Student: 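The structure under discussion is supplied below as structure tokens; questions concerning it will follow.
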Amino acid sequence: MELIQQFQGTLNHGFRGNVIYSFHLPGNCRALSVALSCDKEQFLHKDPSQELISPLYESCYGKSSSRDEIWNLMDLMNAEIQLCLMIDGQFVGNVHMPGAKKELFISSDKASKGCIPCSALKGTAKIIINVFQVLEGTISYNLEIKGDFRHKPSKSFLSDQT
């Protein structure tokens with residue numbers, strides 16, 4: 001696969017929202033691979049401060065938090081990050097599995113889990129990085145979009161249901 005576009009960025013503490021990248025897809029693209037790599041998605045430390053977690057817990061659950069409730073919350077992710085792809089205004093896929101790397105693959109007859117096979121891989125592609133609040137520190141990310149102009153899909157992250 002050939003690199004079509006590459007983007008990098010940083011999500012700051014407290015950020016919640018979307019980061020959107022739009023770009024032109026070459027008309028002869030037969031398969032598309034999108035990979036989002038983050039430097040971290042988990043909390044950095046396991047001894048949370050009351051100042052970090054209490055306001056979040058209270059806003060989510062409407063009550064103050066105990067030490068045990070804070071520890072349980074620390075086992076969750078620092079931020080939930082999802083990767084969505086639209087082509088010419090049409091939904092093509094959304095990937096939201098946990099982990100520091102999210103990948104999707106699209107071709108006319110194959111698609112990774114959470115995605116739809118698509119034969120019209122041309123026009124304006126819009127990649128939306130959905131971020132559900134960065135709770136601690138910053139998160140750096142790298143987004144790579146690759147196109148296959150010969151159509152040899154990698155089986156490494158394809159759905160069994162295609």
Side-chain angles (χ1 to χ4, degrees), residues 1-26 29 31-62 65 67 69-106 111-116 118 121-148 153-154 156-159:
M1 290 212 162
E2 281 180 48
L3 183 66
I4 297 174
Q5 288 287 336
Q6 183 172 12
F7 303 101
Q8 297 170 340
T10 301
L11 305 169
N12 293 317
H13 169 82
F15 178 82
R16 72 176 116 173
N18 300 317
V19 179
I20 301 171
Y21 294 99
S22 295
F23 59 93
H24 178 74
L25 273 174
C29 186
L32 192 64
S33 167
V34 180
L36 175 69
S37 302
C38 301
D39 64 348
K40 63 181 179 270
E41 198 174 56
Q42 301 296 109
F43 283 107
L44 294 177
H45 53 79
K46 292 292 180 184
D47 188 14
S49 69
Q50 192 77 14
E51 301 85 46
L52 173 68
I53 298 301
S54 283
L56 171 72
Y57 195 92
E58 195 165 332
S59 72
C60 290
Y61 300 106
S65 56
R67 182 91 177 134
E69 290 167 326
I70 290 174
W71 278 95
N72 289 336
L73 192 59
M74 288 305 291
D75 287 334
L76 301 175
M77 296 185 294
N78 178 21
E80 182 181 344
I81 300 172
Q82 299 179 357
L83 180 62
C84 180
L85 175 64
M86 311 274 288
I87 298 178
D88 274 347
Q90 299 294 313
F91 173 83
V92 179
N94 190 48
V95 177
H96 51 85
M97 73 285 236
K101 188 163 188 174
K102 286 132 180 46
E103 297 178 285
L104 61 85
F105 176 87
I106 306 285
S112 52
K113 288 183 182 181
C115 301
I116 302 167
C118 179
L121 295 175
K122 62 181 179 181
T124 301
K126 182 187 293 187
I127 295 176
I128 305 164
I129 302 171
N130 299 308
V131 181
F132 297 94
Q133 190 159 358
V134 177
L135 299 176
E136 179 183 66
T138 60
I139 298 175
S140 297
Y141 66 88
N142 185 53
L143 179 66
E144 282 189 353
I145 300 96
K146 295 181 179 180
D148 189 344
S154 166
S156 64
F157 50 89
L158 294 179
S159 169

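Position 1 is the first residue of the sequence, and the numbers go up from there. Keep in mind the model is a prediction, meaning the values are calculated, not measured.
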Student: Does a side-chain heavy-atom distance below 4.5 Å link I87 with L32?
Tutor: yes
Student: Does the side chain of L25 come within less than 4.5 Å of D88's, by heavy atoms?
Tutor: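 They are not in contact (no side-chain heavy atoms under 4.5 Å apart), so the answer is no.
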Student: Compare all side-chain heavy atoms of Y21 with those of I145 and state whether any distance is below 4.5 angstrom.
Tutor: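 No, side chains not in contact.
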Student: Within a strict 4.5 Å, meaning less than it, do heavy atoms of the I81 and I139 side chains meet?
Tutor: yes
Student: Sequence neighbours left out, what passes ring pair (Phe, Tyr, Trp, His ring centres under 6.0 Å) with F15? Give chain and number order.
Tutor: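 If we apply the ring pair (Phe, Tyr, Trp, His ring centres under 6.0 Å) test to F15, skipping adjacent residues, there are no hits.
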Student: Can you list everything that forms a side chain to side chain contact (heavy atoms under 4.5 Å, CB included) with K101? Sequence neighbours excluded, please.
Tutor: A35, S37, E103
Student: Only counting residues at least two apart or in another chain, list the ones meeting side chain to side chain contact (heavy atoms under 4.5 Å, CB included) with N142.
Tutor: Q6, Q8, E144
Student: Under a 4.5 Å cut-off applied to non-hydrogen side-chain atoms, are R16 and V131 in contact?
Tutor: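 Heavy-atom side-chain distance check fails, nothing below 4.5 Å.
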Student: Any chance you could lay out the side chain to side chain contact (heavy atoms under 4.5 Å, CB included) test for L143 and V19, step after step, and finish with the verdict?
Tutor: CA-CA 11 Å; L143 179 66; V19 179; over 6 Å; no
Student: Side-chain contact, heavy-atom cut-off 4.5 Å: V34 with I106?
Tutor: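 No. Closest side-chain heavy atoms not under 4.5 Å.
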Student: After noting the C-alpha distance and the side-chain angles of C115 and V95, does the key distance pass the side chain to side chain contact (heavy atoms under 4.5 Å, CB included) rule?
Tutor: CA-CA 8 Å; C115 301; V95 177; 4.1 Å; yes
Student: For F91, give me all partners under ring pair (Phe, Tyr, Trp, His ring centres under 6.0 Å), at least two apart in sequence or on another chain.
Tutor: none
Student: Closest heavy-atom contact between K146 and I4?
Tutor: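 Heavy-atom minimum between the residues: C-CD1, 3.9 Å.
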Student: Taking the side chain as C-beta and beyond, is there a heavy-atom pair between M1 and F105 under 4.5 Å?
Tutor: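 Yes. Closest side-chain heavy atoms under 4.5 Å.
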